[in-house]
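Working notes, structure below.
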Amino acid sequence: MPQVLVPTVCPYCAAGCGFYISVEKERATGIEYMPEHPANEGPSAPREMHALEIFTIKIGCVILLKRKGDGLDQDT
């Protein structure tokens, strides 16, 4: 399965810096800069590089939800 770059924004502050999450085999595998994003135009704060921790941390989430059409479904 090829690598897919999913556009997103940094969750750590209100600046709204954009980057891509690299996804392979339905798993987040890395982060790529988004040079065309107006808030940061490429590299942004160092904490952006830690955004993948959101996918691996085991505390804080009771139910994971995945967008499906116009609604949400529980993810396993």
Side-chain angles (χ1 to χ4, degrees):
M1 179 174 271
Q3 174 190 23
V4 177
L5 295 177
V6 179
T8 190
V9 294
C10 183
Y12 292 114
C13 75
C17 295
F19 60 93
Y20 295 105
I21 295 180
S22 175
V23 177
E24 294 180 52
K25 297 181 183 177
E26 297 186 12
R27 295 206 184 272
T29 58
I31 292 177
E32 304 274 337
Y33 294 131
M34 186 185 286
E36 69 276 9
H37 196 278
N40 58 307
E41 297 178 340
S44 58
R47 60 186 169 258
E48 173 186 295
M49 299 312 292
H50 297 284
L52 286 181
E53 293 173 0
I54 293 171
F55 296 103
T56 59
I57 196 164
K58 298 294 182 189
I59 60 171
C61 292
V62 177
I63 298 173
L64 297 177
L65 299 175
K66 183 171 30 174
R67 189 178 310 271
K68 186 172 183 179
D70 291 334
L72 298 171
D73 275 353
Q74 185 172 342
D75 193 21
T76 56

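The residues of the chain are indexed from 1 along the displayed sequence.
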Table please: side-chain donor-acceptor pairs of residues 4-20 below 3.5 Å, with sequence neighbours left out.
from	atom 1	to	atom 2	distance (Å)
Y12	OH	H50	O	3.2
Y20	OH	E36	OE2	2.2

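Note that CD1 of I21 is 9.5 Å distant from CE of M34, once rounded to the nearest 0.5 Å.
Residues K68 and D73 come closest through the heavy atom pair CD-OD2, 2.7 Å.
Considering only heavy atoms from C-beta on, K66 stays 4.5 Å or farther from L72 through its side chain.
A side-chain N or O of Q3 and one of S22 form a donor-acceptor pair less than 3.5 Å apart.
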